[in-house]
There are 2 protein chains.
Amino acid sequence: MENAPIRIALVDDQKLFRGGMKMILADRPDFEVVFEAKNGKQFFERLAFEPVDVVILDVEMPEMDGIETLERLRTTHDDIRVIMLTMHDSDRLINHLMELGANGFLLKDEDPDIVCKAVERVAAEGIFFRDYVSKALLKNNRNKMNIGSLIKPKISDREMEVLQLICKEFTSKEIAEKLFISYRTVEGHRRSLQEKTGSRNIVGLVMYAVQNGLV
Amino acid sequence: MENAPIRIALVDDQKLFRGGMKMILADRPDFEVVFEAKNGKQFFERLAFEPVDVVILDVEMPEMDGIETLERLRTTHDDIRVIMLTMHDSDRLINHLMELGANGFLLKDEDPDIVCKAVERVAAEGIFFRDYVSKALLKNNRNKMNIGSLIKPKISDREMEVLQLICKEFTSKEIAEKLFISYRTVEGHRRSLQEKTGSRNIVGLVMYAVQNGLV
DNA sequence: CAAAGAGTAGGTATAAACACCTATTCAAAC
DNA sequence: GTTTGAATAGGTGTTTATACCTACTCTTTG
């Protein structure tokens with residue numbers, strides 16, 4: 001919902017792959033690819049001058065690979081969200097990356113739309129992963145993460161009420177009348193819903209509600 | 001999407017049932033129950049002075065029952081949409097009613113939300129039925145209706161393109177830039193989409209898209 | 001060849017949504 | 001007992017969406 005776009009850095013050793021990713025990300029007006037890098041070393045050089053919100057980081061790279069880069073990044077920048085990319089669907093790798101503080105994990109043969117969703121979600125909620133990641137994490141009982149609290153933003157009871165009514169095509173004014181509150185309050189709830197779900201507008205809110213089975 | 005509400009007549013011999021239905025329908029700001037009647041006779045008396053868009057018609061009634069009422073209505077008012085209500089889930093009855101020109105069929109122990117949806121859909125698309133109705137119709141090979149063409153409004157290619165982009169949270173202006181057309185044209189497409197899907201606003205459009213697997 | 005429908009686009013409004021603020025109250029949690 | 005979060009609500013703009021019009025150009029279809 002913010003005016004400021006989500007600033008993205010793209011780190012992968014293959015130029016063609018980076019180009020493809022840029023095209024995929026260009027589909028989203030609220031995304032901005034600030035810079036690319038072909039390895040971790042180059043990434044840190046650029047990062048010093050150009051801050052980003054999200055890094056899409058390939059695991060397999062020459063010079064300074066994704067794991068090394070992630071480790072070093074976590075010692076200096078705790079606020080930057082990292083989505084790890086790899087070709088290998090290995091439970092051990094997933095667990096390792098998550099423990100190192102990755103915010104998301106994606107396979108390289110994933111659907112393009114998923115990448116955008118991943119960026120959106122890590123930016124808004126701090127975490128994104130697909131079902132295979134959940135499975136891997138569940139297998140690992142030495143897991144230190146509190147997954148439950150991270151998976152979904154906590155939507156309050158009142159916000160949920162408002163969200164349900166929004167999905168029934170009521171306007172803010174109508175919802176206010178139904179709930180006997182000011183329409184400014186309804187707007188407040190909707191605004192906080194947009195923040196929590198990482199939506200640009202009411203459409204994103206409705207999509208979120210449907211996709212998460214809230215309606 | 002129209003400003004004008006959907007005008008509804010409620011025909012059932014039980015006053016309490018009519019009252020309950022009115023409460024259910026009152027949940028929708030775009031619905032207006034113009035009048036009630038306790039049988040077909042009374043219904044036609046009121047209809048002469050108060051036009052309606054949709055009639056919710058009970059099958060079982062004294063004096064002039066739902067079937068008789070439906071038959072007579074089809075000789076004079078072809079444009080009024082009729083939703084038949086009954087307690088009995090009989091394939092023969094369903095087929096008979098549909099052949100007589102009913103636009104929808106609902107069981108009396110249906111979920112309240114379904115009633116609103118039925119009204120919305122018959123008003124917008126001319127037809128609404130649940131899965132058990134489809135089954136009944138399929139069993140009947142002497143069926144004269146062209147069901148396929150009635151079930152869903154035909155959304156054109158360009159409209160579908162616009163709808164997809166709307167669901168990706170793009171504004172009309174952004175969609176216009178993407179498709180190299182004027183934003184007035186995009187608005188035109190969206191407007192016609194709203195008409196076809198019977199939506200009040202962009203939220204209804206998104207809900208329709210999701211529920212019909214268009215996204 | 002006339003009629004219908006899709007796609008295009010503009011005029012002129014109002015209504016709703018959105019952004020960015022502040023501020024109070026109240027209950028729960030630490 | 002202070003802090004935090006949820007719910008409340010107002011101010012003040014800008015941007016989008018919506019309503020209700022008209023009208024032109026195509027292509028398809030009867």
Side-chain angles (χ1 to χ4, degrees), chain A residues 1-6 29-30 124-125 146 149 152-209, chain B residues 1-6 29-30 124-126 149 152-209:
Chain A
M1 59 98 240
E2 270 130 22
N3 262 352
I6 298 173
D30 50 339
E125 302 167 23
N146 183 356
S149 67
K152 283 177 198 194
K154 331 99 202 112
I155 292 174
S156 74
D157 292 350
R158 200 54 157 172
E159 282 165 358
M160 185 61 76
E161 248 182 302
V162 171
L163 182 53
Q164 308 275 348
L165 290 169
I166 286 173
C167 289
K168 284 187 178 172
E169 296 179 56
F170 289 105
T171 66
S172 293
K173 209 197 291 177
E174 289 164 348
I175 293 171
E177 283 161 13
K178 273 191 177 281
L179 301 181
F180 305 109
I181 54 180
S182 158
Y183 95 97
R184 307 311 297 268
T185 306
V186 177
E187 284 191 339
H189 287 313
R190 199 187 44 207
R191 188 179 167 69
S192 95
L193 279 166
Q194 283 183 204
E195 271 173 33
K196 286 182 182 178
T197 60
S199 308
R200 289 182 77 198
N201 51 37
I202 207 164
V203 170
L205 216 47
V206 173
M207 291 297 286
Y208 179 89
Chain B
M1 58 98 242
E2 271 129 25
N3 262 352
I6 299 175
D30 50 338
E125 302 167 23
S149 67
K152 286 178 196 192
K154 330 101 204 109
I155 292 173
S156 75
D157 292 350
R158 199 56 156 170
E159 283 165 357
M160 184 62 76
E161 247 182 304
V162 171
L163 182 53
Q164 309 273 349
L165 290 169
I166 285 173
C167 289
K168 284 187 178 173
E169 298 180 53
F170 289 106
T171 66
S172 293
K173 209 197 293 177
E174 289 165 348
I175 293 171
E177 283 162 13
K178 272 190 178 281
L179 301 181
F180 305 108
I181 53 181
S182 159
Y183 93 98
R184 307 310 297 266
T185 306
V186 177
E187 285 191 339
H189 288 314
R190 199 187 44 207
R191 188 179 166 70
S192 95
L193 279 165
Q194 284 184 204
E195 270 173 32
K196 287 182 180 177
T197 59
S199 307
R200 289 182 76 199
N201 51 37
I202 208 164
V203 171
L205 216 49
V206 174
M207 291 297 286
Y208 179 89

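Worth knowing before you read on, the calculation uses all heavy atoms, side chains too, and leaves out hydrogens, waters and symmetry mates.
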What are the two closest non-hydrogen atoms of A:Leu165 and A:Lys178, and how far apart are they? CD2-CD, 4.1 Å
Of the listed nucleotides (C:dT12, D:dT18, D:dT12), which one gets closest to any side-chain atom of B:Asn201? D:dT18
Atom CD1 of B:Ile155 and atom C1' of C:dG7 are separated, to the nearest Å, by 16 Å
Report yes if a side-chain nitrogen or oxygen of B:Gln194 is closer than 4.0 Å to either non-bridging phosphate oxygen (OP1 or OP2) of D:dA17; otherwise report no. no
Rounded to the nearest 0.5 angstrom, the CG-CG distance for B:Asn201 and B:Leu205 is 9.0 Å
Tell me the closest heavy-atom pair linking A:Met160 and A:Ile155, and the distance in Å. N-CG2, 3.7 Å
The residue, B:Val203 or B:His189, whose nearest nucleotide of DNA chain C is more 5′ is B:His189
Nearest-0.5 Å distance, OG of residue A:Ser172 to CD1 of residue A:Ile181: 9.5 Å
Tell me which nucleotide among C:dA9, D:dA17, D:dA9 gets nearest to the side chain of A:Ser182. D:dA9
Could you state the atom-to-atom distance from CZ of B:Arg190 to C1' of C:dA6 in whole Å? 18 Å
Between A:Ser172 and C:dA16, is there a side-chain N or O to OP1/OP2 distance below 4.0 Å? no
Could you say whether B:Phe180 or A:Thr171 is positioned toward the 5' end of DNA chain C, judged by the nucleotide with the nearest heavy atom to each? B:Phe180
Calculate the interatomic distance between B:Lys173 atom NZ and C:dA9 atom C1'; express it in whole Å. 17 Å
Using whole Å, what does the distance between atom C1' of nucleotide C:dA16 and atom CG of B:Leu205 come to? 16 Å
Could you check how far CG of A:Asp157 sits from C1' of D:dA6, rounded to whole Å? 10 Å
May I have the distance from A:Arg191 (atom CZ) to D:dG13 (atom C1'), rounded to whole angstrom? 13 Å
Whole Å only: how far is the CZ atom of A:Arg184 from the P atom of C:dA23? 16 Å
Protein-nucleotide distance (B:Arg200, atom CZ; C:dA15, atom C1'), rounded to Å: 12 Å
Picking from D:dT18, C:dG7, D:dA7, the nucleotide nearest the side-chain atoms of A:Glu159 would be D:dA7
Considering only heavy side-chain atoms of A:Glu187, the closest of D:dA9, C:dA6, C:dA17 is C:dA17
Closest listed nucleotide, where the reference is the side chain of B:Ser156 and the choices are C:dG7, C:dC18, D:dT18: C:dG7
Go through C:dT8, D:dA17, D:dA7 for me and flag the one nearest to the A:Arg158 side chain. D:dA7
Distance check: side-chain N/O of A:Thr185 vs OP1/OP2 of D:dT8, anything under 4.0 Å? no
For a quick test of reading the model, state the closest non-hydrogen atom pair linking A:Arg200 to B:Glu169 and the distance between them. N-OE1, 2.7 Å
